[in-house]
There are 2 protein chains.
Amino acid sequence: MKRVSIKDVAKEAGVSVATVSYVINNTPNQSISDETSLRIRKAVTKLNYIPNLNARSLASRKTNLIGVVIPQTEPGKEFMFSNPFYGDLLSSIEYTARQHSYHLLLSGPEPNQSYINIARNRSVDGIIIVGAYPTKGLDELRQLDIPVVLVDTYVKDPVYHTVGIDDRLGGKMATAYLIEKGHSKIAFVSGQIEEQGVMQKRFQGYRDALEDAGIPFHQDFVYLGNISFEYAQATADEMLRRGRIETAAFASADILGMGLIKGLRRQGFHVPEDLSIVGFDDVSLAQMADPSLTTVRQDISAKGKTAVQFILDAVSGNIEKQEKILPIHIVERESVKNL
Amino acid sequence: MKRVSIKDVAKEAGVSVATVSYVINNTPNQSISDETSLRIRKAVTKLNYIPNLNARSLASRKTNLIGVVIPQTEPGKEFMFSNPFYGDLLSSIEYTARQHSYHLLLSGPEPNQSYINIARNRSVDGIIIVGAYPTKGLDELRQLDIPVVLVDTYVKDPVYHTVGIDDRLGGKMATAYLIEKGHSKIAFVSGQIEEQGVMQKRFQGYRDALEDAGIPFHQDFVYLGNISFEYAQATADEMLRRGRIETAAFASADILGMGLIKGLRRQGFHVPEDLSIVGFDDVSLAQMADPSLTTVRQDISAKGKTAVQFILDAVSGNIEKQEKILPIHIVERESVKNL
DNA sequence: TGATTTTACTGAAACGGTTAAGTGATTTGA
DNA sequence: TCAAATCACTTAACCGTTTCAGTAAAATCA
């Protein structure tokens, strides 16, 4: 089954391939008579011609593809969205990209953390990396001259665009909110804290709030595992075993808050009566929880949209580096009670 | 900033481009001396050469890309994973693909339902479509000779590979389980029921079970909206307003079950005391629900893996059509009580 | 009316690889 | 010892587009 190419169309319409190319792309500043144009279009439909995107990309050095790499939250696990934040974010990215007739080239992390594989020589027009930590993987990318936007990454760099939130402030807001409600024994539960990662910032915010309020920091109140429902459940068990010292917890991701709720309930305890919880992100799940989760809301949809927009801007020639810190705020729901 | 191409490497190493190509691909049945090979590799690292994937794809007619199209559950909404089933499935697909060094080209539905856009002339090696209904979109695809696997799609076709489950059986199992527990006033809640879609099958199963048990079917017991948490919550309200006639509900997707639980609780009612619920899919959320959701479990991970495997098989020359019906079973959790 | 611009094309050189078909030199086999 | 096979490469055609630089004819201008 021979594939039909632009040549076949040209032959069918009795014109040169260049002309065909001009009409199917309706290239500006090219004058083609209506008559010829029509003839070519007819030939296209008749032969059912579909342009080869690889050839097109090769010639035009434009792929209409945005690479998106999302880290695994639990290394080695196949489940990419164990933190639902990533699912929500990806949705938004995909939606925005599609509006601009871009597609997404999706990838989990390459085994060697080498983002470059996905961005290989003009295989994508731009690349969005979410939640990377400063690694050599990022440096490699620099060699390409393709636009990169780093989402939720704290890396000082003169070139990469960034979009994120003030995670430290967020952590502080969450914790301060709890303090305001009368709590002083406040757990911090999170995944591993990577240097310069968002979780580290949120942790700093937690400590900031404590310090501001003159509450001593207790290392025992910090629970570090990974960002998953299961870990949070286990953490609840652990807190119970230790005798329920804390009256509140700041869960650095909503999914952790949900795990806490469930873990507690499993043992007959209740949120917020036995433990007040504030989460982070306001993923769509947060309102589904029972009790629904009081959380630090960030506009995930805007985050995705902005990231795509930065790529688009860069592709269309905007040379300057863009940075965006999106606003956050507490949304009060049911998981916190006054002490 | 000039891009380095295979020619530069060839020049640097003092060999022809063909030789370079052979070395970097280590093409079988080509003998290259260790010496030359080493020299070329050195040149590659020195110049930091990265092959252009578009050129490679063009020449080799292989892209190492699998197109994945996921329908919007709520048209016009940007949120692709409002049914978390898709997120779970995508995770699995991505993971499996990556194991075989494939990447994913992700797309929501094109406005015109034309899947062909994503699959354009050899732009992907294969395409996985999940939850399509028989449309002209599918027919268009046929013109390309690229492998297609349809996930959760009931379409009789001599060419497309399919992977799915027996949704009708699943619906029957869920309903029969409820009947077995003593229920006879059983609601069916679902999204719109598309002709030949999975929800229709599950609905048929629901009716099958009713019929087998000699329980009359009540149209009032069926609630059709869309597959979203919000809709299920609204449905709970509606059931309450009608005076709680049903004692149980078969939610044709877990997210609906979760919405029901929450909706009920919001009004002071409880699951399973006031309503028994069985869900469908066993998405990772199902066990996070409170009470955790009794549901018809399907192996979402296997589904994704199988879909990718079918593409891989087809790409590597396996000509015959493959079909897989994965097993399902009830997993008993907390959302159903004996009447 | 002749010079100039515009219109409607065409030719061919990229784009950056892959791969079938050579081609000499060196090994091997009998 | 010599033909045949193997080794280590190279040549060049090809993949299917885009796009720059023409070019002849038609239209416009002074």
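In this text, all values refer to a predicted model and were calculated from it rather than measured experimentally. Just so we're on the same page: letters track the sequence lines, and every chain starts at 1.
The separation between B/N54 atom CG and C/dA14 atom C1' is 15 Å, rounded to whole Å. As rounded to whole Å, 11 Å separates atom P of D/dT19 from atom NZ of A/K62. Across the protein-nucleic acid pair, A/K7 atom NZ and D/dT17 atom C1' stand 9 Å apart, rounded to whole Å. One interatomic measurement links the two molecules: CZ of B/R3 to P of C/dG17, which rounds to 10 Å at whole-angstrom precision. Put simply, CD1 on A/I6 is 18 Å from P on D/dC14, counting in whole angstrom units. Rounded to whole angstrom, the span from the CD1 atom of A/I32 across to the P atom of D/dA26 amounts to 17 Å. Put simply, CG on B/N29 is 11 Å from P on D/dC7, counting in whole angstrom units. Rounded to an integer number of Å, the gap from OH of B/Y49 to C1' of C/dG16 is 7 Å.
Across all strands, B/S33 comes closer than 4.0 Å only to sugar-phosphate atoms, never to a base (heavy-atom distances). Contact annotation for B/S16: base contact, defined as any heavy-atom pair under 4.0 Å involving a base atom. At the heavy-atom level, A/T27 lies nowhere under 4.0 Å from the strands shown.
Remark: A/S57 is not in phosphate contact with D/dT17, judged by side-chain N or O atoms under 4.0 Å from OP1 or OP2. Look at B/N25 and you'll find a side-chain N or O under 4.0 angstrom from OP1 or OP2 of C/dT18. A/R56 has a side-chain polar atom (N or O) that falls below the 4.0 Å cut-off from OP1 or OP2 of D/dT18. OP1 or OP2 of D/dT17 has not a single side-chain nitrogen or oxygen of A/Y22 nearer than 4.0 Å. Contact annotation: B/S31 side-chain N/O to D/dC9 OP1/OP2 distance is not under 4.0 Å. Between A/T19 and C/dT10 there is a side-chain N or O to OP1 or OP2 distance below 4.0 Å.
Around the NZ atom of B/K7, the shell of radius 6.0 Å holds no more than 12 heavy atoms that belong to other residues, nucleotides or ligands.
In summary, B/D299 and B/K305 do not engage in a salt bridge, as defined by a charged side-chain N under 4.0 Å from a carboxylate O.
Along DNA chain C, the nucleotide nearest A/E35 and the nucleotide nearest A/L58 are compared for position; the residue whose nucleotide lies closer to the 5' end is A/E35. Nearer the 5' end of DNA chain D, as judged by each residue's closest nucleotide, is the contact made by B/R39, out of B/R39 and A/S21.
Separating the OH atom in B/Y49 from the CD1 atom in B/I24 is a distance of 4.0 Å, to the nearest 0.5 Å.
Nearest nucleotide to the side chain of A/A18, out of D/dT19, D/dC15, D/dA12: D/dT19. With C/dC9, D/dT10, D/dT18 as the choices, the nucleotide that has an atom nearest any side-chain atom of A/Q30 turns out to be C/dC9. Set against D/dT17, D/dC15, C/dG17, the side chain of B/R61 has D/dC15 as its closest nucleotide.
A donor-acceptor contact under 3.5 angstrom links the side chains of B/N25 and B/R56, judged on distance only.
Here the side chain of A/N83 pairs no donor or acceptor atom with the backbone of A/I227 at under 3.5 angstrom. Judged by distance alone, with hydrogens and angles left aside, the side-chain atoms of A/T306 form a donor-acceptor pair with the main-chain N or O of A/A302 at under 3.5 Å.
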